[in-house]
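Numbering of ligands and ligand atoms starts at 1, following listing order. For reference, positions follow the sequence shown, starting with 1.
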Amino acid sequence: MTDAPILKINNIEVIYNHVILVLKGVSLEVPKKGIVALLGANGAGKTTTLKAVSNLLKSERGEVTKGSIEFMGERVEDLSPNDLVKRGCIQVMEGRHCFEHLTVEENLLTGAYTRGDGRAAINDDLEKVYTYFPRLKERRRSLAGYTSGGEQQMCAIGRALMSKPSTILLDEPSMGLAPQLVAEIFEIVRELNDKEGVSFLVAEQNTNMALRYATYGYILENGRVVLDGDAEALRNNADVKEFYLGVS
Ligand code: ATP
């Protein structure tokens, strides 16, 4: 028998401003300890899907009007973003969103705000984050605003890790980064998945990179899943090759 998925999205619709239907019945699953890629072009609805899970649509006048979202077997559509983080699911937003006027270490520590355990446990986890991101240790006293794009992406993932998540919703980690750095970030994602058992739902336009690291992928077009399958099958699919991998 296979394990129940850690995250299950059932046929959700999302509407912005009461009229703009952006997600038109999206369903997807993330298995426990899986890495799943959510792929698609600019505007396909990837960020909206992640924000629907995190309950971050309200500030953008968006709402889930149909369908359901389950995390660890329980409905979560009505949970606040903070309560979802406390249950173990956290989003790393597109564009990194570090606090520029705080140091790297202060940024990381803000990630522990939902935790009820003491300073010693938080310090242990800070050291653990530094083992995955040695660059952040080197830069820990620098203001985040003065670090590179790659370091800010690492800082954003490190900060998410400080909440001790079982699942990270990672939005477009490759955005604006050189290929070498993108590979470095994805290697760390794989390591976190491997060693810490963190599940990932990764929204990406960089299909090639995402399908190298994910085990399963969904392709969104215009608010609908048009194709899904094992990463290898998607990499070999003629349409994916032509439209998303730039080879035919
Ligand atoms: P990108 O890679 O550019 O982030 P995406 O696949 O993540 O693209 P979304 O950001 O989810 O796509 O956007 C999906 C659609 O919803 C787009 O047509 C976008 O213009 C629209 N949209 C996003 N946010 C809002 C909003 N706050 N109000 C109205 N429409 C929105």
Item to complete: Answer with yes or no whether G45 contacts ligand 1, where contact means a heavy atom under 4.0 Å from a ligand atom.
Response: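 Judged by the 4.0 Å heavy-atom criterion, G45 does count as contacting ligand 1.
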
Discussion item. With a 4.5 Å cut-off on side-chain heavy atoms, are N193 and V198 touching?
Written reply: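 No, their side chains stay 4.5 Å or more apart.
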
Worksheet item: So, do N222 and K24 sit near enough that their side-chain heavy atoms are less than 4.5 Å apart?
Response: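 Side-chain contact under 4.5 Å: yes.
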
Just need the protein heavy atom nearest to [atom], so name the residue and atom and give the distance.
| atom | value |
| --- | --- |
| atom 11 (O) of ligand 1 | T48 OG1, 2.5 Å |
| atom 1 (P) of ligand 1 | N42 OD1, 3.5 Å |
| atom 2 (O) of ligand 1 | Q205 NE2, 3.0 Å |
| atom 30 (N) of ligand 1 | Y16 CD1, 3.5 Å |
| atom 27 (N) of ligand 1 | E60 OE1, 3.1 Å |

Between [X] and [Y], does at least one N-O distance fall below 4.0 Å, as a salt bridge requires?
| X | Y | value |
| --- | --- | --- |
| K137 | E105 | no |
| D125 | R115 | yes |
| E94 | K46 | no |

With a cut-off of 4.0 Å, which atoms of ligand 1 are near a heavy atom of [X]?
| X | answer |
| --- | --- |
| E172 | 2 (O) |
| E94 | 4 (O) |
| A41 | 6 (O) |
| A44 | 5 (P), 6 (O), 12 (O) |
| K46 | 2 (O), 5 (P), 6 (O), 7 (O), 8 (O), 11 (O), 12 (O) |

Item to complete: Flag G43 as yes when one of its N or O atoms lies below 3.5 Å from any N or O atom of ligand 1, and as no otherwise.
Response: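 Between G43 and ligand 1 (N or O atoms, distance only) the closest approach is under 3.5 Å.
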
Item to complete: Kindly confirm or rule out an N or O of V22 lying under 3.5 angstrom from an N or O of ligand 1.
Response: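 Min N/O separation from ligand 1 is not below 3.5 Å for V22.
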
Practice prompt. Could you check T48, V225, I9 and say which one makes a side chain to side chain contact (heavy atoms under 4.5 Å, CB included) with L23?
Written response: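 By the side chain to side chain contact (heavy atoms under 4.5 Å, CB included) criterion, L23 pairs with just one of T48, V225, I9: T48.
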
Worksheet entry | Of V240, N236, N237, the residue whose pairing with L245 passes side chain to side chain contact (heavy atoms under 4.5 Å, CB included) |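 Considering V240, N236, N237, a side chain to side chain contact (heavy atoms under 4.5 Å, CB included) with L245 is found only for V240.
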
Worksheet item: Of the backbone atoms (N, CA, C, O) and the side-chain heavy atoms from C-beta on, which set of K51 has a member under 4.0 Å from an atom of ligand 1: side chain, backbone, both, or neither?
Response: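 Looking at K51 and ligand 1, no heavy atom falls under 4.0 Å.
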
Worksheet item: With backbone taken as N, CA, C and O and side chain as the heavy atoms from C-beta onward, which portion of A203 lies under 4.0 Å from ligand 1: side chain, backbone, both, or neither?
Response: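 Neither part.
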
Worksheet item: Cut-off 3.5 Å, side chains only: do Q205 and Y244 have a donor facing an acceptor?
Response: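 The criterion, which ignores hydrogens and geometry beyond distance, is not satisfied for Y244 and Q205.
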
Discussion item. Distance alone, cut at 3.5 Å: any donor-acceptor contact between the side chains of N82 and T114?
Written reply: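 There is no such pair between these side chains.
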
Discussion item. Return the CD to CD distance between E63 and E77, rounded to the nearest 0.5 Å.
Written reply: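 It comes to 13.0 Å.
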
Discussion item. My question is simple, although I want it checked carefully: is atom 9 (P) of ligand 1 less than 4.0 angstrom from any protein heavy atom?
Written reply: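 Yes; the ligand atom in question has protein heavy-atom contact below 4.0 Å.
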
Worksheet entry | Distance flag for atom 25 (C) of ligand 1, protein heavy atom under 4.0 Å |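 Within 4.0 Å: yes, protein heavy atom nearby.
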
Worksheet item: Which other residues end up in the same hydrophobic cluster as F99, if Ile, Leu, Val, Met, Phe, Trp and Tyr are linked when side-chain heavy atoms come under 4.5 Å apart?
Response: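 Answer for F99: L102.
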
